[in-house]
**Q** 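Below is a structure I'd like to ask you about.
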Amino acid sequence: VQLQASGGGLVQAGGSLRLSCAASGRTFSRYTMSWFRQAPGKEREFVAYIIWSGDITHYAASAKGRFTISRDTAKNTLYLQMNSLKSEDTAVYYCAAGTVQSVSVNQYDYWGQGTQVTVSS
């Protein structure tokens with residue numbers, strides 16, 4: 001699976017962004033898809049995942065209520081709608097694909113290249 005993340009940018013606090021992750025290669029629909037992020041000087045951290053059917057989603061506490069993960073299997077695309085952005089959301093955001101439902105970086109087999117999100121206060 002090849003993953004290509006896009007949609008990052010500079011936004012003011014309180015604003016919104018929608019990230020996309022285009023997948024190609026193996027059957028996208030059978031993977032759990034996730035978003036992680038990594039701020040400067042910090043470890044990569046889990047943001048949200050969605051299982052292959054789209055029926056189950058899970059969010060980090062920091063994302064719950066503000067971010068929404070979704071997937072369009074027909075378009076082989078994963079999304080992350082981010083609302084009410086805060087300065088602490090500033091990070092490089094990565095999409096990832098794996099065969100298990102996990103919040104652990106180590107459980108994901110495929111990674112996108114990352115897209116920068118910068119939230120100005």
**Q** For side-chain contact (heavy atoms from CB on, under 4.5 Å), just list the numbers for Trp111 and Arg44, CA-CA rounded to whole Å, side-chain angles, deciding distance to a tenth of an Å, and then say yes or no.
**A** CA-CA 12 Å; Trp111 292 85; Arg44 194 168 298 188; 3.4 Å; yes
**Q** List for me each residue that meets side chain to side chain donor-acceptor pair (under 3.5 Å) alongside Ser121, sequence neighbours excluded, and say none if there are none.
**A** none
**Q** Under the side chain to side chain donor-acceptor pair (under 3.5 Å) test, which residues partner Asp109, sequence neighbours left out?
**A** none
**Q** Applying ring pair (Phe, Tyr, Trp, His ring centres under 6.0 Å) between Tyr108 and each of Trp35, Phe46, Phe36, report the one that passes.
**A** Phe36
**Q** First locate atom OG of Ser120, then atom CD of Gln12, and finally report the distance between them rounded to the nearest 0.5 Å.
**A** 5.0 Å
**Q** Do Val11 and Val47 sit in one hydrophobic cluster, given that two such residues count as connected whenever their side-chain heavy atoms are within less than 4.5 Å of each other, even indirectly?
**A** yes
**Q** Using the test side chain to side chain donor-acceptor pair (under 3.5 Å), find all partners of Gln4 that sit at least two apart in sequence or belong to another chain.
**A** none
**Q** Nearest 0.5 Å, please: how far is CG in Leu80 from CZ in Arg71?
**A** 13.5 Å
**Q** Partners of Asp55 by side chain to side chain donor-acceptor pair (under 3.5 Å), sequence neighbours excluded?
**A** Ser53
**Q** Could you go through residues 90-102 and list every donor-acceptor pair under 3.5 Å that involves a side-chain atom there, pairing it with any protein atom two or more places apart or in another chain?
**A**
from: Thr90; atom 1: OG1; to: Ser87; atom 2: O; distance (Å): 3.0
from: Thr90; atom 1: OG1; to: Val119; atom 2: N; distance (Å): 2.9
from: Thr90; atom 1: OG1; to: Val119; atom 2: O; distance (Å): 3.4
from: Tyr93; atom 1: OH; to: Arg37; atom 2: NH1; distance (Å): 3.0
from: Tyr93; atom 1: OH; to: Asp89; atom 2: O; distance (Å): 2.7
from: Gln101; atom 1: OE1; to: Tyr49; atom 2: OH; distance (Å): 3.4
from: Ser102; atom 1: OG; to: Ser104; atom 2: N; distance (Å): 2.9

**Q** State, to 0.1 Å, how close Ser16 and Gln81 come at their nearest heavy-atom pair, and which atoms those are.
**A** CB-NE2, 3.9 Å
**Q** Just verifying a value: how many Å separate His58 NE2 and Lys64 NZ, rounded to the nearest 0.5 Å?
**A** 6.5 Å
**Q** Shared ILVMFWY cluster between Val117 and Leu3, side chains joined below 4.5 angstrom?
**A** yes
**Q** Does the side-chain contact (heavy atoms from CB on, under 4.5 Å) test come out yes or no for Phe67 and Asn83, once each step is laid out?
**A** CA-CA 6 Å; Phe67 295 2; Asn83 299 327; over 6 Å; no
**Q** So how far is it from Thr32 OG1 to Ile50 CD1, rounded to the nearest 0.5 Å?
**A** 9.5 Å
**Q** Consider only side-chain N and O atoms of Thr77 and Asp72, and report whether a donor and an acceptor are under 3.5 Å apart.
**A** no
**Q** Work out which heavy atom in Tyr110 is nearest to a heavy atom in Val1; give both atom names and the distance.
**A** CD2-O, 3.4 Å
**Q** Partners of Ser6 by side chain to side chain contact (heavy atoms under 4.5 Å, CB included), sequence neighbours excluded?
**A** Ser20
**Q** Nearest 0.5 Å, please: how far is CE in Met33 from OG1 in Thr57?
**A** 14.5 Å
**Q** Considering residues at least two apart in sequence or located in another chain, which fulfil the ring-ring contact (aromatic ring centres under 6.0 Å, His included) criterion with Trp52?
**A** none
**Q** Rounded to the nearest 0.5 Å, how far does CD1 of Ile51 lie from OG of Ser34?
**A** 11.5 Å
**Q** Once side chain to side chain contact (heavy atoms under 4.5 Å, CB included) is applied, do any residues pair with Ser70, and if so which ones, sequence neighbours excluded?
**A** Tyr79
**Q** Main chain of Gly8, side chain of Thr115: is a donor-acceptor contact present, judged purely on distance under 3.5 Å?
**A** yes
